[in-house]
Amino acid sequence: MGWIQSVRRFFMIRRVLPQLKHDVNVLQIGLDNLKEQIKVWESSESLLSPEEVMQEKGRFHHIYELSERGFLLDETTYTKLKHEDGSLPSSVVSLNTAYVRVSGELLNVWRELDERVERINQRLRTYYEQIASFQQDVEAARRHYIGDSLRKRLLGDFRDVYDFFKDDSIPEATSFIQLYRGLNRQVEDWNETYVTEELKRTHSFFDSIDGKSLDDQQRRAVIVNEDANLVVAGAGSGKTLTIAAKVKYLVERKQVQPHEILLISFTKKSAEEMKERICERLHILVEVKTFHGLGMGIIAEGRKQKPQVEDELKKVIRDYCMHQFYEHPHRMKELIDFFGYYFYIPKGIEEFETAGEYHDYNKHVDLEPLRSKVWKSLSAAEMVAAQQRQKITIQEEKVKSLEEVMIANFLFLNGIEYEYEKNYPYQTATRYHRQYQPDFYLPEYDLYLEHFGINRNNRAPWLSPIEEQKYLDGMEWKRQLHHEHGTKLMETYSYYRQEGNLLDQLRLKLLKQGVVFREMDPKVVFDKLYRTKQKNHFNDFVDFVSSFLQLFKSNHYTESQFDIFAQSLNKKDLFHYQRALLFFRLVKPMYRMYEDHLRRTNKIDFNDMINEATSIVSSDAVHLPYKYIIIDEYQDISVSRYHLIEAIRQKTGSTVMCVGDDWQSIYRFAGSDLSLFTDFEHYFGKSALLKIENTYRNSQQLIDIAGRFVMKNKRQIRKNLSSGKRLITPVRVMGIKGKNDFEIALRRALDQIVQSHGPESDVLLVGRNKADIKRIEGSASFRVKYLEDNEVQVIDRTHPNLRISFLTAHRSKGLEAENVILINTANSKNGFPNKIMDDPLLSFVLQKQEELEFGEERRLFYVALTRTKHTTYVLTPDDRMSTFVQELIKEQQVPYKMGIEEGKSIRDNPKCPRCLDGHLVIREQANRKSTFVGCSHYPGCDYTANHPSIIHDPIVCPSCRGYLVLRNGKNGKFYGCLNFPLCKHTMEREDVKQMKRIEKRMN
């Protein structure tokens, strides 16, 4: 019987199993279809009606009934299929299990269906509400200026709604999609419309701010309200009035509370002026702080006590130099090496178009070797002893180039006696050659050293062809002289310096000649240079190190950064590599000692204070109520100050308005970094750039001259300044020949001011440095009075009612006078431009290095030029004229006259045929019995000619561009070239007269 049941079970399974599979499949398909329908509903952009849901449920009702049964096998089928032990076949069990699972899931979905439909409808209703809300928010936003953060918030808050409707929009969402998609573009149009309408609404409001009416640009600068706003204000354009109007506008028109506005200025004086103008005149009690006061206040609240602030960085560095170098002699030696070889950066003659440009550039360089500086500090007894020991005359010496300075300093610091340009012991003067004076003579070794200015190809292409040939011939002549007389000659070349190995080559060559090195005791040199009045080198070094460390700390760098700097150096540029490496070795312990000093005295410096205040703000340790931050003189911003403002902005959501003039960014030595201004949007994000360009101080002609001058730097932001004032000659350059002529030129400028503007005018004398005013101290014509707060008054005894004051260019910023006289525009180390404060080492601590050489000095000169309401007089040495002044004369046709009556400028003299840029001048022989012609670039250019006539009657040689002079010949007088025998061009006297007549007609 058992086998019969098995057979029956087998056939039963074969008959039932397909039906069972079919039922499971039907149920699974139904479940899948139901889920798919739910997905369709979930993606629907329209509300689901009850009828629509009921209809869909009807389609799936038979599936629901099938699943509601809950079992696959009825009792009869179950009995027939089970085994003797009561179990079912595995195939049936698996199908039954699947059925139970699917039916259970389907029942769950079915029971939740109405709830899910309601959720879908609720979400859709929420989306529709958000569509309405978006449109309402946009309409509300359009009633004000829409800043970038609000634009982003509108887009961000409604992104989900947009993503839901964007692909298959329904009529109810069409307008929302269009509005959302076009928001970025339309915001600009809406803002422009808002500004236009607001200008109309506030017309009378801006007509009287502190009794003054704002111009159109000032009004726009007040109304525009981007999250970050940069207002670029030209000199004398009324930026303080604009700031005052902004505050009044926010409080009275935008219902901003005064305590919600933070106004920051950079100096205590300007902060007090701002407070007086806004708080007292406009009666708005806004908070006005300096960055110092802001940082101090935040720290006081965060720490619950005020810190002590160190502001004597330069003094600390000087103290280090005075004491620490004695404890570390190797550092003292490194310092002396830096002064001796690396203080100035030699710019190769090959980098200039002419030798004259090279010589003019190097006029700022101190060409006095260390030995001469040490000699000048000797006492009388020490000088006698030194003369007896060295058997040479001790006197001040100047060499001809920075490369020769490096050689002289190398010899001196290594204890090698030398004489500079001593006459060669054999007579060499001929018709074509002066007495030979080798560059250096080493008496202990009877060795001569010549430094030749040639490139690696043994050429001097910066000279004219014939002057180059003369120079190369002169080299061969010198070599031949030494060969003939059996004297030892050692040679070095300019390209050694270019390749960065001048000192290494010099050392090798000297050792090869058997020269013994006896290194000078650095303490002796240090004492004589630093512990005496002759310490300009060290003062300049201290100033530069102070500027470097200010910028270093502003970047929040730590000591390890010096090693990072060193690792980043380009070793292929050997000179700059060695120079930077030495500088970092010197400054790193100074920084360490300074930080130790701060810890030991329990002080922080200004950068520490700003950095700590930033950390406190970022940590939420203080509450700040600000909605608006307005920064005056923003061009003076530093990296650390920027980080503090950004921290406040991030915590409070404040709107920032920065007002300043990048053309007047002149405080890099105090840590300011121009790129924070010129790359404003990079730091603050989406920003509005506004300009106020109507100047109420200067004439249009002056701002045109000054604007073209400062915009030589393409990184500066272009402004089109305009003025209603007109003045034909707003800048007048007066040349000075000698020291005694300075007072004469100053007197002439003052006489012109009195003649034009009356005897009670005010005059501002502007110098590059504090010491510039000393030029008239003790004068019979002027009296200098030093008042409190570093104010300096000058009494003109000829015009006693003139109101004359003196300021440095830095301190003059922000001030104005009826007339201005610049009194130091010399091409010198501390003149205009000051060459020391533009060192490439600053690139390590600036966000971006200046692209234009002397960029900051150019801006400072611009500041000096634009202090005047009428005329700026520029007093300049005729033979050492600032490159800035030369540029004004050459490129902008600024009139130039000598500052003394009947004075003739050397610039009217013929050009030097050797260097091509200098001018020929009359010089006297040492015995004063005769005169000769020399170059104004002496000693850099040593061109001479024994024919003074070419000064007054220059006749240019058509062949070589030298000069023709009258000579005696067999057939009478004729004109021959001074470059004979290299140039044998001659002209008859009648031909010369004819040439002059032609030139006169052409001119």
Side-chain angles (χ1 to χ4, degrees), residues 312-345 365-387 389-390 394-399 402 405-418 503 506-507 517-549 578-594 596-597 829-830 836 839 841:
E312 295 287 346
L313 174 58
K314 288 184 182 180
K315 180 180 182 300
V316 175
I317 295 172
R318 287 194 187 95
D319 289 344
Y320 178 94
C321 293
M322 289 293 290
H323 305 294
Q324 292 296 314
F325 281 131
Y326 283 91
E327 297 179 14
H328 304 89
H330 68 283
R331 289 182 192 161
M332 183 182 288
K333 182 183 183 306
E334 289 177 337
L335 181 68
I336 300 299
D337 286 346
F338 188 82
F339 289 148
Y341 310 131
Y342 298 110
F343 191 72
Y344 295 100
I345 300 175
V365 175
D366 184 358
L367 296 178
E368 183 181 16
L370 290 178
R371 184 178 72 171
S372 178
K373 296 178 185 295
V374 170
W375 281 350
K376 285 161 64 174
S377 68
L378 295 177
S379 65
E382 289 174 326
M383 189 170 292
V384 170
Q387 285 179 327
R389 182 175 64 254
Q390 297 183 1
I394 289 182
Q395 57 187 4
E396 182 179 351
E397 66 184 11
K398 290 283 182 75
V399 297
L402 195 50
V405 170
M406 293 173 69
I407 292 171
N409 288 345
F410 183 88
L411 297 174
F412 172 64
L413 293 177
N414 285 285
I416 304 168
E417 292 183 11
Y418 70 88
L503 301 180
L506 180 60
R507 177 181 293 276
F517 288 63
R518 311 179 193 88
E519 285 192 9
M520 287 283 292
D521 184 351
K523 291 183 179 180
V524 174
V525 180
F526 184 83
D527 281 342
K528 294 302 179 185
L529 292 180
Y530 189 77
R531 291 181 175 253
T532 66
K533 295 180 180 179
Q534 305 295 331
K535 59 179 182 180
N536 290 338
H537 247 45
F538 287 88
N539 288 337
D540 293 338
F541 180 74
V542 167
D543 289 347
F544 180 69
V545 170
S546 174
S547 297
F548 184 91
L549 289 181
Q578 293 169 339
R579 182 176 189 263
L581 212 57
L582 181 55
F583 179 77
F584 295 148
R585 286 205 302 270
L586 285 168
V587 177
K588 183 177 179 179
M590 292 184 185
Y591 168 79
R592 186 188 306 128
M593 182 276 304
Y594 177 57
D596 289 343
H597 164 79
K829 179 181 66 174
N830 293 312
I836 293 172
D839 198 290
L841 287 168

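Numbers for residues simply follow the sequence, beginning at 1. Only heavy atoms go into these numbers, but all of them, side chains included; no hydrogens, no water, no symmetry mates.
Checking side-chain atoms of Asn414 against main-chain N and O of Arg518 turns up no donor-acceptor pair under 3.5 Å. Remark: side-chain polar atoms of Ser372 are paired, donor with acceptor, to backbone N or O of Glu397 under 3.5 angstrom. At distances below 3.5 Å, at least one donor-acceptor pair connects side-chain atoms of Arg371 with backbone N or O atoms of Tyr418. Listed for the Arg579 side chain is a donor-acceptor partner under 3.5 Å among the backbone atoms of Phe343.
Here the shortest heavy-atom pairing between Asn409 and Gly340 reads ND2-O, 2.8 Å. In terms of heavy-atom proximity, Pro369 sits nearest to Val399 at CG-CG1, 3.9 Å.
Annotation: side chain of Phe325 is not in contact with side chain of Lys523 (no heavy-atom distance under 4.5 Å). Side-chain contact between Phe410 and Phe517 is present, with at least one heavy-atom pair separated by less than 4.5 Å. Two residues are said to be in side-chain contact when any heavy atoms from C-beta on lie closer than 4.5 Å; Asp521 and Val525 fail this criterion.
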Anything under 3.5 Å between a donor and an acceptor, one on a side chain of residues 331-338, the other on a protein residue two or more places apart or in another chain? List them.
residue	atom	partner	partner atom	Å
Arg331	NH1	Tyr320	OH	3.1
Lys333	NZ	Asp337	OD2	2.9
Glu334	OE2	Arg585	NE	3.0

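Remark: Tyr341 OH to Ile407 CD1 distance equals 11.0 Å, nearest 0.5 Å. Between the CZ atom of Arg318 and the CG atom of Leu313 there is a distance of 10.0 Å, given to the nearest 0.5 Å. Distance check, rounded to the nearest 0.5 Å: NE2 of His597 to CE of Met590 gives 15.0 Å. Note that CG of Leu411 is 12.0 Å distant from CE of Met406, once rounded to the nearest 0.5 Å. In this structure, the separation between NZ on Lys315 and CG on Asp319 is 4.0 Å, given to the nearest 0.5 Å. Annotation: the span from Leu402 atom CG to Leu367 atom CG amounts to 7.0 Å, rounded to 0.5 Å.
Here the two rings, on Phe583 and Phe544, have centers that are under 6.0 Å apart. Taking the centre of each ring, Phe541 and Phe339 come in below the 6.0 Å mark.
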